[in-house]
Amino acid sequence: MKKGILYSYGKYLPLTGKTPMLSLCEGDTPLAPLRNLSRELGVELFAKYDGLNPTGSFKDRGMVLAVAKAVEEGAKAVICASTGNTSASAAAYAAVAGIPCFVLLPAGKVALGKLAQAMIYGAKVLAVRGNFDRALELAREGAEQEGFAIVNSVNPYRLWGQRSAAWEICDELGTPPDWLTLPVGNAGNISAYCAGFEFYKENGAIRKLPRLVGVQAEGAAPMVRGAPVDSPETVATAIRIGRPVSADKAKRAVEITGGRFLAVSDDEILDAQKQLASSDGLFAEPASCAPLAGLLKLKREGELPSGLRIAMVLTGNGLKDPDAATSRVPSAIEIDGTREALMEVLNS
Ligand code: F0G
């Protein structure tokens with residue numbers, strides 16, 4: 001069997017005989033049970049480990065479809081704005097499709113691993129003096145040029161492909177979890193999960209929708225505040241967004257599922273990142289750890305009912321942003337290359 005979203009879920013996607021069947025074997029990521037954190041939180045916690053996608057984030061699920069449809073519809077190039085992961089993914093799929101890719105990044109605010117990815121895949125990288133929201137406005141202007149397709153989540157194929165994560169979780173568990181929690185930036189992914197669960201409910205594959213719990217960083221929390229944020233700021237650069245494009249869809253997703261939005265501080269995010277890695281062995285980038293920070297906060301405040309089955313989406317790989325991860329852990333112990341020096345450390 002061929003691997004990848006267009007193969008595994010092609011029957012639920014708008015493919016035609018002319019859609020190029022692109023694949024980097026994206027999707028089919030692990031749903032890992034987190035034993036230690038489950039015990040601590042008093043719930044049954046699973047991590048949907050989407051950082052194991054080919055470019056290290058969930059973006060590949062929708063990008064494969066967006067780039068395939070762009071090629072089918074005659075695009076000669078793709079363009080996007082990004083906080084890093086979308087650009088890495090767009091660049092990779094444009095490379096396999098054989099078309100140029102232009103990416104607009106907020107200058108100085110993209111994790112090094114993500115920047116390296118866009119460059120090595122061969123994208124034309126533009127560092128915009130301004131934040132992501134401004135870069136997206138510019139990308140939309142660029143996409144008005146003849147032959148350009150925008151592959152941000154304003155492109156409906158992106159969210160369509162991202163529904164596959166909801167389907168995988170239901171297919172694996174047999175039923176949806178009680179809660180699904182994930183980070184919210186431009187608010188596309190939470191909307192895609194909702195659409196994915198709704199689709200499964202409509203076709204009888206599941207009976208109820210999980211509560212969707214969207215977590216933002218305090219300095220970039222327009223969904224929690226209910227208003228845009230002009231100068232978003234957070235260590236979780238992936239979700240450093242003040243004007244989410246899919247705000248309305250995300251609001252609806254939370255309303256119809258009986259879920260909620262909540263905000264966590266940068267310290268809480270970095271603590272959760274460390275705890276996830278050191279207690280359950282999974283390394284996710286800061287944005288991806290906002291949901292765990294949210295669960296720990298709800299637990300502290302007595303708002304986390306025990307016994308729930310919760311799926312938490314680890315949207316991006318920790319290796320993308322080593323600076324954030326190493327900022328608060330002890331550094332390596334340097335020793336002389338001698339047996340004595342080694343023994344001194346082992347016995348201290
Ligand atoms: N987690 C990670 C690792 C992300 O890269 C993003 C978004 C999100 C969560 C939030 O998802 O925007 O659908 O609400 N990254 C975009 C990018 C903005 O350009 O890579 P969302």
Side-chain angles (χ1 to χ4, degrees), residues 48-53 55-63 66 79-92 103-106 109-111 113-115 117-118 123 125 128 131-136 139 150-155 158-163 165-166 181-196 212-217 220-224 232 234-251 253-254 261 269 273 283-294 312-321 324:
K48 181 63 172 161
Y49 200 5
D50 254 6
L52 291 188
N53 273 298
T55 77
S57 86
F58 71 99
K59 304 286 179 176
D60 295 340
R61 297 178 174 280
M63 197 59 74
I79 184 168
C80 67
S82 180
T83 56
N85 283 324
T86 295
S87 60
S89 188
V103 307
L104 284 75
L105 308 177
K109 293 292 182 180
V110 170
K114 303 175 188 179
L115 194 58
Q117 287 182 290
V125 178
V128 178
N131 61 27
F132 168 83
D133 303 294
R134 179 66 192 134
L136 182 54
I150 191 161
V151 291
N152 281 104
S153 54
V154 292
N155 176 327
R158 278 277 314 281
L159 298 191
W160 206 323
Q162 283 174 214
R163 292 179 195 180
T181 179
L182 77 176
V184 174
N186 216 13
N189 207 29
I190 191 167
S191 310
Y193 268 94
C194 185
L212 295 177
V213 178
V215 187
Q216 299 207 285
M223 299 307 303
V224 181
T234 168
V235 67
T237 51
I239 51 172
R240 187 174 167 272
I241 294 174
R243 296 177 181 273
V245 157
S246 300
D248 292 343
K249 283 191 200 127
K251 195 162 169 269
V254 159
F261 291 109
I269 289 172
Q273 184 187 35
F283 184 21
E285 67 168 281
S288 306
C289 299
L292 177 58
M312 172 173 84
V313 188
L314 299 181
T315 48
N317 199 300
L319 294 170
K320 285 171 173 275
D321 191 356

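In listed order, ligands and their atoms are each counted from 1. Computed over heavy atoms, backbone and side chain alike; hydrogens, waters and symmetry mates excluded. Quick caveat, the model's predicted, so the values are computed rather than measured.
When heavy-atom distances to ligand 1 are checked against a 4.0 Å cut-off, I241 comes that close only through its side chain, counted from C-beta outward. Contact annotation: for I239 versus ligand 1, heavy atoms closer than 4.0 Å belong to the side chain alone. At a heavy-atom distance under 4.0 Å, atoms from both the backbone and the side chain of A238 approach ligand 1.
For the pair D321 (side chain) and A111 (backbone), a donor-acceptor distance under 3.5 Å is absent. Using a distance-only test at 3.5 Å, with no hydrogens or angles considered, a donor-acceptor pair links the side chain of Q273 to the main chain of A284. Between the side chain of R240 and the backbone N or O of A220 there is no donor-acceptor pair closer than 3.5 Å.
One finds the OG atom of S87 at 4.5 Å from the CG atom of L105 (value rounded to the nearest 0.5 Å).
At the shortest separation from atom 11 (O) of ligand 1 among protein heavy atoms lies F58 CZ, 3.6 Å. Nearest to atom 2 (C) of ligand 1 among the protein's heavy atoms is T315 OG1, 3.3 Å. Here the heavy atom of the protein found nearest to atom 13 (O) of ligand 1 is N189 N, 2.7 Å. At the top of the distance list for atom 5 (O) of ligand 1, counting protein heavy atoms only, stands N85 ND2, 2.8 Å. Of all protein heavy atoms, the one closest to atom 20 (O) of ligand 1 is T86 N, 2.8 Å. The protein heavy atom nearest to atom 15 (N) of ligand 1 is K59 NZ, 3.0 Å.
Under a 4.0 Å criterion applied to the non-hydrogen atoms of G188, ligand 1 contributes the atoms 13 (O), 14 (O), 21 (P). Annotation for ligand 1: atoms under 4.0 Å from non-hydrogen atoms of T83 are 15 (N), 16 (C), 17 (C), 18 (C), 19 (O), 20 (O). Listed by number with element, the atoms of ligand 1 under 4.0 Å from a non-hydrogen atom of A187 are 12 (O), 14 (O), 21 (P). Interface of N186 with ligand 1, defined as ligand atoms under 4.0 Å from a residue heavy atom, comprises 12 (O), 14 (O), 21 (P). With ligand atoms numbered from 1 in the order given, ligand 1 contributes 14 (O) to contacts under 4.0 Å with heavy atoms of V184. The contact set between ligand 1 and P183, taken as ligand atoms under 4.0 Å from a residue heavy atom, comprises 1 (N), 9 (C).
Of the listed residues (S89, A247, C289, S82), the one carrying the non-hydrogen atom nearest atom 19 (O) of ligand 1 is S82.
Taking a 4.0 Å cut-off on heavy atoms, S57 fails to register as neighbouring ligand 1. Residue N152 places every heavy atom at 4.0 Å or more from ligand 1.
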Is there a side-chain contact (heavy atoms from CB on, under 4.5 Å) between N317 and N53? Walk through the geometry before answering. CA-CA 9 Å; N317 199 300; N53 273 298; over 6 Å; no

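Shortest non-hydrogen contact noted between R61 and Q162 is CB-CA, 4.0 Å.
When side chains are defined from C-beta on, S82 does not count as touching K114, because their heavy atoms never get closer than 4.5 Å.
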